[in-house]
Each structure stands twice: as structure tokens, then as C-alpha cells.
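One structure is given below, encoded as C-alpha cells.
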Amino acid sequence: DFEHIINKYLNFEKQKKEIIVIINTKKDEENIKICKYFINKINNLTEAVKKRLFLKTKIYVFGDTKYEALYREITSNSSSCIHYINKYHKIAIDFIDNYPFARFMNANQIDYQTSLVKDDININALFIGFGKTNQEIFLTSVANNQFITYGDTEPRLKQVNYYLFDKNETEKNKNLNHSYYRYKNWKKGVNKNDYLELPDDPALEIPCHLDINDFNFYNQIREIISRNKNDANFIIIAFGSDLENLDMAHKLVEKRKEWEIDNLIIFVKVRDALEREDLRALLLNDEKCFFIGNEQDVVFNIEKITNNLIYNMALMRNEIYKLESKLTEKSYTISDKILKEIKEEAYDKWNEFPQIRRQSNFYCCLSLKSKLNLMGLDYCKLDENIGKKALTENEYLEIYAGTDIPISENNIKEYNGKKIIKYTIDFPQSRRGNMALQEHLRWNSYYITEGFILASKEQIETERISNNFTDGKNEEVRRHGCLTTFEGLKEYRKILALREFQNKQIDEQELKKIEEQKDVIKYDYQLLDDAYWLLTSNGYKIIRLIPYK
């Protein structure tokens with residue numbers, strides 16, 4: 001029977017429909033053995049067949065987070081045909097997609113004219129339990145819930161405070177040591193002069209070595225959430241069984257009333273389908289309390305695994321990366337033939353990307369809802385009637401950028417319905433600039449949660465792999481040249497531009513032109529520049545945010 005499945009999978013060109021294979025034996029040894037069998041078969045195919053295989057077939061393997069490194073090695077050796085699914089990560093993704101922190105904040109906390117968080121408020125996330133679910137929610141939240149506030153001369157990072165309540169020492173964790181904590185440990189021993197400007201830690205985590213039975217448990221929670229009536233407070237409960245989690249949620253709802261604290265949103269993990277309205281009313285009828293983690297709907301829903309808005313937008317974003325790179329190189333004058341090649345290359349390269357890079361694109365698009373919320377906007381399905389009419393593209397752009405969006409006047413002004421924007425290295429300070437900074441901080445945060453560290457200036461300038469300059473990017477050892485601040489990115493492009501001259505005399509005008517080609521700051525502008533096109537192309541509309549009270 002298994003050989004029959006393999007043969008059917010490999011004879012995909014005879015099939016009329018897409019083929020989906022799910023590997024979930026509930027035993028990791030068996031899952032890995034089956035994956036290896038598929039890999040051996042796939043790697044005997046020609047490169048051309050592998051590419052067609054990727055487009056028409058998918059293999060999804062479920063696996064425990066304890067063996068995440070092994071599963072990632074499997075996906076990297078499968079010509080991108082195998083996709084690793086960590087069920088706790090799926091829950092975390094669903095949480096961020098449906099409940100970005102910015103959705104629950106209001107004008108007391110956000111300046112909707114600038115998208116900056118007010119300086120005198122705190123954003124607090126309290127995790128009750130720090131097991132597999134909350135660890136994944138923590139990492140995914142850090143990589144997406146990024147905020148900026150007022151600085152002395154320009155906006156700066158506004159860290160979210162993460163309070164980790166668990167009887168175990170949350171600092172001692174082999175997965176976090178390999179991923180999130182790697183940057184913190186690495187930067188303690190480096191000579192900063194050898195590197196571009198080091199970014200700030202993306203979040204502030206505060207270990208609270210208390211379990212729910214501790215005498216001071218409620219006192220400590222009350223102290224955190226009652227410091228400022230305008231703080232944004234979130235509690236995520238995921239420490240026990242469904243009933244244990246629900247029981248704790250009941251207690252905290254009661255405490256919230258007792259303490260007369262209104263600015264507290266509670267999320268409670270419920271694995272089974274207890275979120276049906278009748279059971280919700282029976283077990284936890286509170287408008288500021290939300291059920292998360294329904295595994296049947298979030299984890300094992302094949303439609304959500306295989307047909308996903310965020311994934312579709314990530315594919316489109318990858319195509320635009322290629323387009324913008326080529327447009328800059330060709331001074332915004334390119335032929336239809338090159339446009340066709342860009343599309344083909346974008347999808348071919350996507351297949352070859354390691355899962356970390358594909359997920360980077362995915363997280364970029366996942367953050368779109370939060371970014372819109374910071375502007376007083378949101379999105380929903382085109383046919384969804386929630387009492388808000390869709391904004392036109394001009395209305396959206398007026399709110400987001402005003403006049404600060406330079407449309408190209410060259411021979412190519414549109415690409416598949418997307419307006420072509422001409423990027424230079426002169427970026428004025430504006431809301432659009434604020435949101436680009438927020439996006440770069442979010443990108444930094446994602447790579448830091450994946451355990452990436454900075455490349456040195458020397459590595460950015462000179463390192464080669466297979467005789468090609470890496471520009472400091474080496475995913476095999478988790479190192480990246482762009483992991484820095486905006487000021488660091490300006491120095492980064494200067495290093496790459498000067499490398500082009502070598503021993504030749506530097507012409508300042510030519511140097512600026514090369515800097516424009518090497519610039520990467522423009523990529524931080526693109527998600528919101530293209531947001532209207534991305535969403536409407538996928539059957540969604542942008543609307544004004546319904547304020548949360």
C-alpha cells in the first residue's frame with residue numbers, strides 16, 4: 001500500500017488534481033523513516049521533474065518540536081517538496097493572524113496619525129505556563145508584534161514586556177538557547193567595531209518562577225497589570241488540560257472585576273471544539289476572553305494547511321522582490337521578456353529556498369494585519385459584511401502615505417495590476433517611513449528568533465561561497481549581513497557599492513547609483529506599498545478598524 005502511494009505521488013503528471021500527502025503516524029521515528037523514503041525517491045528524479053513535482057504535489061509531515069532540527073534538515077534535502085508542520089507553531093500562527101496585539105489597542109495607546117505607540121504606556125504579555133504552546137506563541141509573537149515609539153530625533157523600538165510564569169526556570173531551554181537566546185549570548189563577547197550597528201533585543205522577557213499554586217501568584221499578576229490604566233495587557237493561558245485552562249481563565253476574569261482593571265485581554269487554550277457558542281456561553285461568557293488552540297480547526301484542517309491567504313501573498317511578495325531588484329538594476333526600463341523571466345525565476349527560486357527563508361516571507365505577510373491596525377485599518381474577505389465599506393486604493397494610500405509614494409514614470413508603470421514605485425535612497429521621515437522602520441525591526445526579530453547573528457563588516461565585504469559574494473548571508477551557519485539597524489543598512493549598502501570600485505577611482509555620482517542598486521531598505525517599504533494589490537488580488541478588502549473598547 002505504501003509503495004502504491006509513493007508511485008502515485010511520483011506519477012503526478014498523470015493526475016488531474018493536486019496530490020497532498022500527510023505524514024502523521026504520531027511516532028517521530030516512523031515519520032522520519034517515511035520522509036527519508038520519499039527523499040530517496042525524489043532525489044532520483046531530474047531537476048526539471050522535481051520543479052514540476054513541487055508545483056503539483058505537497059508532502060506535509062507533523063513532528064515534535066524536540067526534533068525540529070532533524071525535520072528542518074529533512075525539508076532542506078527534499079527539493080522543498082516536504083513541509084514540516086509543528087502543531088504548536090500552527091497554533092501560534094493562528095493566534096497572531098487572528099489576534100495581533102494592535103487590534104486590541106486604541107487611541108489611548110496608539111497615535112493613529114503616525115502609527116507610533118505612546119511613550120508612557122507599556123505593552124505587557126503574561127504567559128501562564130511556558131510549555132510547548134506558549135513557547136511557540138512567545139517566539140511567533142516576538143517575531144510579529146513589533147512596535148515603535150517616539151525617540152529623541154526619530155522613532156525607536158518599543159519593546160513588549162513578556163512575563164513568563166512557570167514553576168520551571170524558563171531561561172534553561174535547549175531550543176531557546178539554540179534560537180532566540182543565541183543573539184543575546186553572542187553579542188556579549190563581540191567587538192562592536194567589527195560589525196554594523198547592533199540591533200536592540202526585540203523584546204524584554206521577565207522570568208517569573210511561580211506556578212499557579214504560589215501564594216504570590218495573583219499579587220504579582222495584579223502588580224504588573226495595574227501599573228498604568230492605559231497599558232495594554234494580555235494574558236495567554238496554556239499550562240494544563242482544557243478544563244484546567246478554563247478554570248484559570250474563570251479565576252482571572254473574576255480577579256479582573258475584583259481589581260477593577262478594564263485593560264486586560266485573556267486568551268485561553270482549549271484543544272477540543274469547546275469554542276462553539278453554546279459551550280462558550282456555558283463555560284466562559286466574557287467578551288474580553290478568547291479561546292485559542294482548537295486543534296481540529298487550526299492544526300488538522302487540510303484546507304488551512306494547503307490553501308492559505310498568507311502563503312499566497314508570500315509567494316507574490318517573493319516575485320516582487322525579484323522584480324524590484326531587476327528594475328533597479330535596469331533603471332526601471334525592462335522588456336516584457338525580462339518580466340516573464342522574473343516570474344519564472346521567482347517561483348523556481350522559491351522552491352529552492354530553505355524553510356527559514358520561505359517562512360521569512362510568510363511572516364512578512366502575516367504582520368500585515370498588525371501594521372494596518374496601527375494605522376486604524378483592518379482587512380477582511382471581500383464578501384464579508386461587517387458594516388464597513390472597502391476603501392479605494394487612493395483612500396488607502398492617502399491614509400498610509402499621503403503624497404510620499406513616488407510612482408514610476410518610466411516605460412513600466414504596472415505589473416500584473418500592481419503600480420510600480422520608483423525607489424531611491426532618499427527616504428523622507430513620514431508615517432510611511434515609520435512603518436518601514438517597524439517592518440525592519442520585525443524582520444530583525446524574526447531572524448533573531450531563528451538564532452541568526454550578525455555578519456562582520458569583513459564578511460560582508462569579502463566572503464565568498466562557490467566564488468560568489470555572500471554579502472554576509474550564510475544560512476547554513478545562521479548569519480546575515482542585513483541584521484542591523486537602518487543606519488547599519490546605509491553602511492551595508494556603502495560597503496557593497498565601494499566593493500564594485502576596488503582600485504578604481506571613485507566617481508560620486510556612479511557610487512550613488514550603485515548604492516541604489518545595493519540598497520535593501522526599500523524592501524521594508526514594499527509590503528504596505530503593495531498591501532492594496534496583495535489583498536484585493538486574493539479576494540480581500542481593506543476597511544477602517546472597528547475600535548476595540
Side-chain angles (χ1 to χ4, degrees), residues 51 54 80 143 309-334 338-368 371 405-408 410 412-425 427 432 435-447 450 452 468-475 480-484 486 489 492-493 496 514-535 537-538:
K51 287 179 181 178
F54 173 86
S80 299
L309 165 68
I310 310 297
Y311 185 81
N312 291 341
M313 289 197 296
L315 278 171
M316 294 170 71
R317 285 291 304 124
N318 186 56
E319 187 178 340
I320 298 308
Y321 288 143
K322 293 290 179 187
L323 172 68
E324 297 294 357
S325 176
K326 189 65 72 174
L327 283 169
T328 306
E329 180 187 326
K330 300 291 185 182
S331 300
Y332 288 80
T333 53
I334 55 180
I338 294 176
L339 290 176
K340 183 180 178 183
E341 290 172 357
I342 287 169
K343 189 176 187 70
E344 291 173 356
E345 184 184 354
Y347 283 87
D348 286 348
K349 291 295 182 184
W350 178 267
N351 304 347
E352 298 170 7
F353 285 166
Q355 188 159 322
I356 283 178
R357 205 186 309 180
R358 289 201 301 271
Q359 187 164 284
S360 176
N361 272 331
F362 182 92
Y363 270 36
C364 173
C365 296
L366 180 64
S367 74
L368 180 53
K371 287 177 168 60
I405 190 157
I407 303 298
S408 173
N410 292 65
I412 171 172
K413 298 180 182 180
E414 256 194 24
Y415 177 80
N416 291 347
K418 167 192 144 47
K419 286 185 171 62
I420 298 299
I421 298 164
K422 185 170 184 179
Y423 292 97
T424 68
I425 55 175
F427 298 108
R432 180 171 171 250
M435 298 309 295
L437 173 61
Q438 189 265 359
E439 166 56 17
H440 183 63
L441 293 173
R442 186 216 57 78
W443 183 91
N444 278 349
S445 300
Y446 167 70
Y447 272 94
E450 290 290 344
F452 274 66
N468 295 317
F469 284 113
T470 67
D471 300 340
K473 182 167 69 176
N474 188 329
E475 287 161 331
H480 208 296
C482 298
L483 190 53
T484 181
F486 258 15
L489 291 180
Y492 169 84
R493 75 185 179 214
L496 299 188
I514 297 174
E515 279 196 67
E516 285 186 355
Q517 293 176 2
K518 301 297 183 182
D519 177 66
V520 293
I521 292 175
K522 64 185 175 188
Y523 298 121
D524 294 316
Y525 282 80
Q526 287 176 346
L527 178 67
L528 285 178
D529 284 356
D530 297 342
Y532 192 88
W533 169 72
L534 283 169
L535 288 165
S537 298
N538 284 284

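The figures that follow rest on heavy atoms only: side chains count, while hydrogens, waters and symmetry mates do not.
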Are [X] and [Y] close enough for a salt bridge, meaning some N to O gap below 4.0 Å?
X: Asp529; Y: Lys419; answer: no
X: Glu439; Y: Arg442; answer: yes
X: Lys522; Y: Glu324; answer: no

Verify, without hydrogens or angle tests, whether [X] (side chain) and [Y] (backbone) share a donor-acceptor contact under 3.5 angstrom.
X: Ser325; Y: Tyr321; value: no
X: His440; Y: Thr484; value: yes
X: Asn538; Y: Leu534; value: yes

In the structure I gave you, are the side-chain heavy atoms of [X] and [Y] within less than 4.5 Å of one another anywhere?
X: Ile310; Y: Met313; result: yes
X: Tyr492; Y: Asp471; result: yes
X: Met316; Y: Asp530; result: no
X: Lys326; Y: Glu345; result: no

Out of curiosity, [X] [atom1] to [Y] [atom2], how far, rounded to the nearest 0.5 Å?
X: Glu475; Y: His480; atom1: CD; atom2: NE2; answer: 6.5 Å
X: Met435; Y: Lys371; atom1: CE; atom2: NZ; answer: 6.0 Å
X: Leu323; Y: Ile338; atom1: CG; atom2: CD1; answer: 11.0 Å
X: Tyr446; Y: Phe452; atom1: OH; atom2: CZ; answer: 7.5 Å
X: Ser445; Y: Leu483; atom1: OG; atom2: CG; answer: 9.5 Å
X: Ile320; Y: Leu327; atom1: CD1; atom2: CG; answer: 9.0 Å

| said: Assess the residue pair Trp533 and Glu414 against the criterion (side chain to side chain contact (heavy atoms under 4.5 Å, CB included)); give the C-alpha distance rounded to whole Å, side-chain angles, the decisive distance to 0.1 Å, and a yes or no. | reply: CA-CA 11 Å; Trp533 169 72; Glu414 256 194 24; over 6 Å; no
| For the residue pair Phe427 and Phe486, is the inter-centroid distance of their aromatic rings smaller than 6.0 Å? | no
| query | So Tyr447 and Trp443, would you call those rings parallel, tilted or perpendicular, with 30° and 60° as cut-offs? | reply | tilted
Mind listing the closest non-hydrogen atom pair of [X] and [Y] along with its distance?
X: Ile521; Y: Arg493; result: CD1-NH1, 3.8 Å
X: Leu527; Y: Ser367; result: CD2-OG, 3.9 Å
X: Cys482; Y: Val520; result: SG-CG2, 4.0 Å
X: Thr424; Y: Asp519; result: O-OD2, 4.5 Å

